[in-house]
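We count residues from 1, following the sequence as given.
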Amino acid sequence: MNEKKLNQLFEDYLNGTISPEDERLLESFDAKVLAENLDKYTHAEKAKERVGSKLNTAVGRNTKTRKLWAYTVRVAAAISVFFAFKFIFLQPTSTSVAEEPALVWVERKTDWGEKLNLILADGTQIKLNSGSSIRFPKAFTADERRIELSGEAFFDVARDESKPFIIQSDQVETKVLGTSFNVQAYEDQRHISVSVLTGRVEVASSENKVFLSPHEQGVYHRSKGNVTKGRVDIEKILLWKDGIIHFEDATFGEVKNVLERWYGVNISFASKQLAQCHLTATYANETLETILGSIVYAKKGMQYRMDDQKTIIFSGKCTDN
């Protein structure tokens, strides 16, 4: 019997597929021949015991092989280890599960006074307002389209019902399938707002969630952690996309924040009372100097000065209080 045949017999025996004829042939085989090859294999005590238990009954039926039981067990154990080695290390690797490729993230930022248009891999169009940052995958390979936003942006999301589009803004999560809406989430503001132009939007915090339809706005209150909703004039909210600044009974504290973002300047007030003054006005692609002149013209008693090209100080008094 050659080595190939012997290996096949042991493999069939250990697998339980050996025929009765081959089993008798294996049991009657001269164990001295097996023992001669013993040093070629690595020994394992647990494997030796396991195979010994399996072959004990068969070997016990044969007087000739019973005398050589110790040799047979050692050889059978070694051959068992040999086949285990072949199975573990020599099997083809084509059955291994391929890992998902890691997401490659892209981050874009706008300085004060700068705006940016983006088109994502799925066709979603984004207009990023000044002083904002956005982070998104180079390709959407997961079962969702998740991005991160700080600041303000208008989204026109490409519809894909199998992959919801999710915007993470601090503690607020905005989820859509395909719609257009505005998110304002500047870190220095007391609230985050989501205003819907078309479609349906879900806005959620750890406390609650609301569903928004066109001309509705969800507001996340940072101090309370909850989201409320109401009706808005969405056209006025989106005027910034066309370079138009609109103030609707806004405090000068709010006016200050907007002008700083749009023109990249620093604005301060000589007194706290000035920050509580109110302004209603619309400016279409105007220079900063034109806007400042318009403000002091409307608010008699208020003045401003520019210490340099980036620092503006309002002084005097507000006439609407």
Side-chain angles (χ1 to χ4, degrees), residues 110-116 127-132 149-155 169 180-197 214-222 228-306 309-321:
T110 52
D111 292 329
W112 300 122
E114 180 186 13
K115 296 178 179 63
L116 180 65
K127 190 176 184 68
L128 195 64
N129 205 347
S130 59
S132 304
L149 171 69
S150 176
E152 184 172 21
F154 176 78
F155 296 85
S169 304
S180 56
F181 56 98
N182 193 80
V183 178
Q184 189 179 85
Y186 287 106
E187 294 180 356
D188 60 352
Q189 292 182 331
R190 291 178 295 178
H191 62 267
I192 295 173
S193 64
V194 179
S195 309
V196 179
L197 177 62
H215 298 273
E216 289 186 331
Q217 181 183 75
V219 178
Y220 169 73
H221 306 273
R222 295 185 192 270
T228 60
K229 78 172 185 177
R231 300 285 298 180
V232 293
D233 189 339
I234 187 66
E235 282 76 16
K236 288 183 178 179
I237 291 175
L238 298 180
L239 287 174
W240 70 265
K241 293 169 59 264
D242 300 317
I244 300 174
I245 301 176
H246 177 73
F247 297 115
E248 188 73 33
D249 195 31
T251 67
F252 264 51
E254 295 170 330
V255 171
K256 166 186 179 298
N257 293 334
V258 173
L259 295 182
E260 285 181 336
R261 287 194 292 267
W262 274 66
Y263 295 100
V265 296
N266 296 311
I267 299 177
S268 61
F269 302 103
S271 67
K272 293 182 178 179
Q273 183 262 349
L274 290 176
Q276 300 306 314
C277 193
H278 288 71
L279 178 68
T280 297
T282 300
Y283 304 100
N285 297 299
E286 299 288 356
T287 64
L288 176 60
E289 289 76 10
T290 299
I291 294 176
L292 295 175
S294 171
I295 290 175
V296 297
Y297 178 81
K299 302 296 178 180
K300 306 299 183 182
M302 183 181 291
Q303 303 90 34
Y304 80 91
R305 73 175 187 271
M306 298 185 72
Q309 293 299 314
K310 295 292 183 181
T311 304
I312 299 165
I313 302 174
F314 280 96
S315 60
K317 62 180 181 178
C318 181
T319 59
D320 65 356
N321 284 343

What are the two closest heavy atoms between Tyr186 and Gly131, and how far apart are they? CE2-O, 3.4 Å

Closest non-hydrogen atoms of Val265 and Glu260, given as atom of the first, atom of the second and distance, are O-CG, 3.1 Å

Identify the two heavy atoms, one from Leu279 and one from Phe247, that lie closest to each other, and give their separation to 0.1 Å. O-CB, 3.6 Å

Looking at Trp240 and Lys127, what are the two nearest heavy atoms and their distance? CH2-O, 3.2 Å

Mind checking whether Glu216 and Val196 have side chains closer than 4.5 Å, heavy atoms only? no

Taken to the nearest 0.5 Å, the spacing of Phe252 CZ from Cys318 SG works out to 6.0 Å

Return the NE2 to OG1 distance between His191 and Thr228, rounded to the nearest 0.5 Å. 10.0 Å

More than 12 heavy atoms of other residues, nucleotides or ligands under 6.0 Å from CZ of Arg231: yes or no? yes

Would you say the side-chain atoms of Lys256 pair up with the backbone N or O of Thr251, donor to acceptor, closer than 3.5 Å? no

Tell me whether the count of non-hydrogen atoms from other residues, nucleotides or ligands lying under 6.0 Å of CD in Glu187 goes above 12. no

Heavy-atom distance under 4.5 Å between the side chains of Asp188 and Arg261, does that happen here? yes

Which heavy atom in Ile295 sits nearest to a heavy atom in Phe314, and how many Å separate them? CG2-CE2, 4.2 Å

With no hydrogens and no angle check, is any side-chain donor or acceptor of Ser132 less than 3.5 Å from a backbone partner on Ser130? yes

So, does Arg222 use its side chain to make a donor-acceptor pair with the main chain of Ile192 at under 3.5 Å? no

Straight-line distance of Ile237 CD1 to Gln184 CD, nearest 0.5 Å: 8.5 Å

Distance check, rounded to the nearest 0.5 Å: Leu238 atom CG versus Leu197 atom CG? 6.0 Å

So, Thr110 side chain and Asn129 main chain: donor-acceptor pair closer than 3.5 Å or not? yes

Look at the side chain of Thr280 and the backbone N and O of Asp249, then say whether any donor-acceptor pair between them is shorter than 3.5 Å. yes

So which heavy atom on Gly316 is nearest to which on Leu274, and how close? O-CD2, 3.8 Å

4.5 Å side-chain heavy-atom contact, Trp262 and Lys115: yes

Between Phe155 and Val183, is the side-chain contact (heavy atoms from CB on, under 4.5 Å) condition met? List the steps. CA-CA 8 Å; Phe155 296 85; Val183 178; 4.0 Å; yes

Gap separating the CD atom of Gln303 from the CG atom of Leu292, nearest 0.5 angstrom: 13.0 Å

Is the number of heavy atoms from other residues, nucleotides or ligands within 6.0 Å of NZ (Lys317) greater than 12? no

When rounded to the nearest 0.5 Å, the distance separating CE of Met306 from CD1 of Ile312 is 4.5 Å

